[in-house]
Amino acid sequence: MTIPIIGIIGPTATGKTAVGIELAKMIGGEIISADSMAVYKGMDIGTAKPTIEEQAEVKFHLIDIIDPDEEFSAVIFRNIAYNIIDDLISKDKIPIVVGGTGLYIKALTGGYNIPEAKPNEKLRDKLSSLAKIHGNEFLLNKLKAIDPITANKLHCNDINRIIRAIEVFSVTGKPISYFHQTEGSSEFPYQIRLFGLSVSRETLYKRIEDRIDCQIKDGFIDEVKLLLENGYNKNIHSMKALGYKHIASFLSGECDFDTAIDLFKRDTRRFAKRQLTWFRGMSEIEWIDAENYSKNEMCEQIIKSIKN
RNA sequence: GCCGGGAUAGCUCAGUUGGUAGAGCAGUGGACUGAAAAUCCACGUGUCCGCAGUUCAAUUCUGCGUCCCGGCA
């Protein structure tokens, strides 16, 4: 019997990493992190990365691969992940994808046909200043002229997507909707089974708050301080991550400590809610009760399920 | 104990010259195709403290009660 690739997903603070490690040890796997923030070096406590000890137990891929000011994207993630999966399978190891970044999971498995149009900063700056001068509707109308299908789906304030759609057209000469329509042409070549860790909303929010309190105790503030000292200011994308931006505004005196922590917790709750929205739309996910079962029991459930 | 002020959404409060009510925050739902822990959209929630009176009609006016916050003792 061939064991499929396993995915462990779910909102933040549900224990995905712990289950992933346990499962990897039980079935002889290695972990591929699908987490847009764990890729950055030096961002450890705030991203709840596996500890050094945990990384010694099981091999983790796609964490600590770039500096906080380097470019990264869903496509880069997918390309690297593909290579690692191929490599693991050739070595008879089971790839276990663990992470909460819905777009990355979907980019990997969902047959997205993402256009090969690299970001063009100059064009982006030009378009966004155009929007500032003439208004967002102006930009949306510009898109309507070249790609009415996409323009009709987007709200005029959804400026990032409007700009991206115009960018794709200007680079490839084809509307972005053309690529969306041909979705599925790059089908994921392996079988993957996705397991979602599920916890009641109340418990989820409690766990988020507890985890943040622990992160502060574990020295998260010093971690942010060090990043700032190393020149990674809060304008770069990675520093807009949850916690990092909040602690950075506390350190710069923009708000007091309690406010920073309250906003950190609130924004993390909102993030977890958005993750839930994303995963609800993925009907292939098999949900596991992560509130009443131990990580061992969950692993047994996963193993039992993939054998059927 | 006395004198004021209050009691309205989960929280902070506004309001109704009497016709059962609305902001902010919290919360909820959705979107997402090379920034995604980012970004964008949409939406509620009510014994208006209790009881009685006046009135066609009381959350609104009157009386009593309860609780809270000031001040004086």
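Reminder, nothing fancy here: chain letters follow the sequence lines and each chain counts from 1.
- Residues of residues 200-225 of chain A that place a heavy atom closer than 4.0 Å to RNA chain B, in numerical order, are A:R201, A:Y205.
- One can place CZ of A:R78 at 10 Å from P of B:rG34, the figure rounded to the nearest angstrom.
- Sorted by residue number, the members of residues 262-271 of chain A with any non-hydrogen atom under 4.0 Å from RNA chain B read A:R266, A:R269, A:R270, A:F271.
- The salt bridge (charged side-chain N to carboxylate O under 4.0 Å, His left out) contacts involving residues 269-292 of chain A comprise A:R193-A:E286, A:E209-A:R269, where partners must be two or more places apart or lie in separate chains.
- The distance between atom CZ of A:R274 and atom C1' of B:rA38, rounded to the nearest whole Å, is 8 Å.
- Checked against side chain to side chain contact (heavy atoms under 4.5 Å, CB included), A:D125 has no partners two or more places apart in sequence or in another chain.
- Residue A:L103 contributes atom CG, which lies 11 Å from atom P of B:rC32 at whole-angstrom precision.
- Between A:F250 and the options A:F257, A:Y244, A:F264, A:F220, a ring pair (Phe, Tyr, Trp, His ring centres under 6.0 Å) holds for only A:F257.
- A:R164 has no side-chain polar atom (N or O) that falls below the 4.0 Å cut-off from OP1 or OP2 of B:rC32.
- One finds a salt bridge joining A:K49 and A:D64 here, because a Lys/Arg side-chain nitrogen approaches an Asp/Glu carboxylate oxygen to under 4.0 Å.
- Looking at residues 132-163 of chain A, you'll see A:H155, A:N157, A:D158, A:N160, A:R161 sit with a heavy atom under 4.0 Å from some atom of RNA chain B.
- Residue A:G46 is in base contact, counting any heavy-atom pair closer than 4.0 Å across all strands shown.
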| said: A:V97 vs A:I31, test: side-chain contact (heavy atoms from CB on, under 4.5 Å). Steps then yes/no. | reply: CA-CA 6 Å; A:V97 179; A:I31 291 175; over 6 Å; no

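- When the P atom is compared between B:rG46 and B:rC11, the two are found 14 Å apart, to the nearest whole Å.
- Around atom NZ of A:K41, more than 12 heavy atoms belonging to other residues, nucleotides or ligands sit under 6.0 Å away.
- Comparing the same atom, P, in B:rC51 and in B:rU66 gives a spacing of 15 Å after rounding to whole Å.
- As a whole-Å value, the separation of A:Q275 CD from B:rG30 P is 14 Å.
- Pairing partner, B:rA35: none, since no Watson-Crick or wobble contact has both distances short of 3.5 Å.
- Across all strands shown, A:K240 has heavy atoms under 4.0 Å from sugar-phosphate atoms exclusively, and none from any base.
- Rounded to an integer number of Å, the gap from NE2 of A:H180 to C1' of B:rU33 is 4 Å.
- At the heavy-atom level, A:Y244 lies nowhere under 4.0 Å from the strands shown.
- B:rG10 is paired with B:rC25 under the Watson-Crick or G-U wobble criterion, all donor-acceptor distances under 3.5 Å.
- Annotation: side chain to side chain donor-acceptor pair (under 3.5 Å) contacts of A:D218 (sequence neighbours excluded): none.
- Under the 3.5 Å distance criterion, with hydrogens and angles disregarded, no donor-acceptor pair is assigned to the side chains of A:N113 and A:H180.
- Judged purely by distance below 3.5 Å, without hydrogens or angles, the side chains of A:D35 and A:T101 never pair a donor atom with an acceptor atom.
- Distances shown here put a side-chain N or O of A:H237 below 4.0 Å from the OP1 or OP2 atom of B:rA36.
- Between A:R161 and A:D158 there is a salt bridge, with a side-chain nitrogen of the basic residue lying less than 4.0 Å from a carboxylate oxygen of the acidic one.
- For A:P115, whose side chain is taken as the heavy atoms from C-beta onward, the closest listed nucleotide among B:rU39, B:rU33, B:rA35 is B:rU33.
- Atoms CE (A:M282) and C1' (B:rU33) sit 13 Å apart, rounded to a whole Å.
- Each of A:G243 and A:V75 lies near RNA chain B, and the nucleotide nearest A:V75 is the one positioned closer to the 5' end.
- Salt-bridge check for A:D262 with A:R266: failed, with every basic side-chain N at 4.0 Å or more from each acidic carboxylate O.
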Exercise for the section: Show your working on side-chain contact (heavy atoms from CB on, under 4.5 Å) between A:R78 and A:Y112 and close with a plain yes or no. Expected result: CA-CA 10 Å; A:R78 180 172 70 179; A:Y112 272 170; 4.3 Å; yes

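- Between A:E121 atom CD and B:rG34 atom C1' there is a gap of 11 Å when expressed in whole angstrom units.
- Under the Watson-Crick or G-U wobble criterion, with both distances below 3.5 Å, B:rG1 is paired with B:rC72.
- Residue contacts for A:E116: at a heavy-atom cut-off of 4.0 Å it reaches a base atom on one of the strands shown.
- The pair A:D213-A:K217 does not count as a salt bridge, with every side-chain nitrogen at least 4.0 angstrom from each carboxylate oxygen.
- Distances shown here put a side-chain N or O of A:T277 below 4.0 Å from the OP1 or OP2 atom of B:rG30.
- Here the C1' atom of nucleotide B:rC32 and the CZ atom of A:F77 are 17 Å apart, to the nearest Å.
- B:rC49: Watson-Crick or G-U partner is B:rG65, with both key distances under 3.5 Å.
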### Stepwise side-chain contact (heavy atoms from CB on, under 4.5 Å) check, A:L227 with A:M239
CA-CA 9 Å; A:L227 287 163; A:M239 287 299 277; 4.0 Å; yes

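- Each of A:A117 and A:G100 has a nearest nucleotide on RNA chain B; the 5'-most of these lies closest to A:A117.
- Applying the 3.5 Å distance criterion, the base of B:rG29 shares a donor-acceptor pair with the side chain of A:K273.
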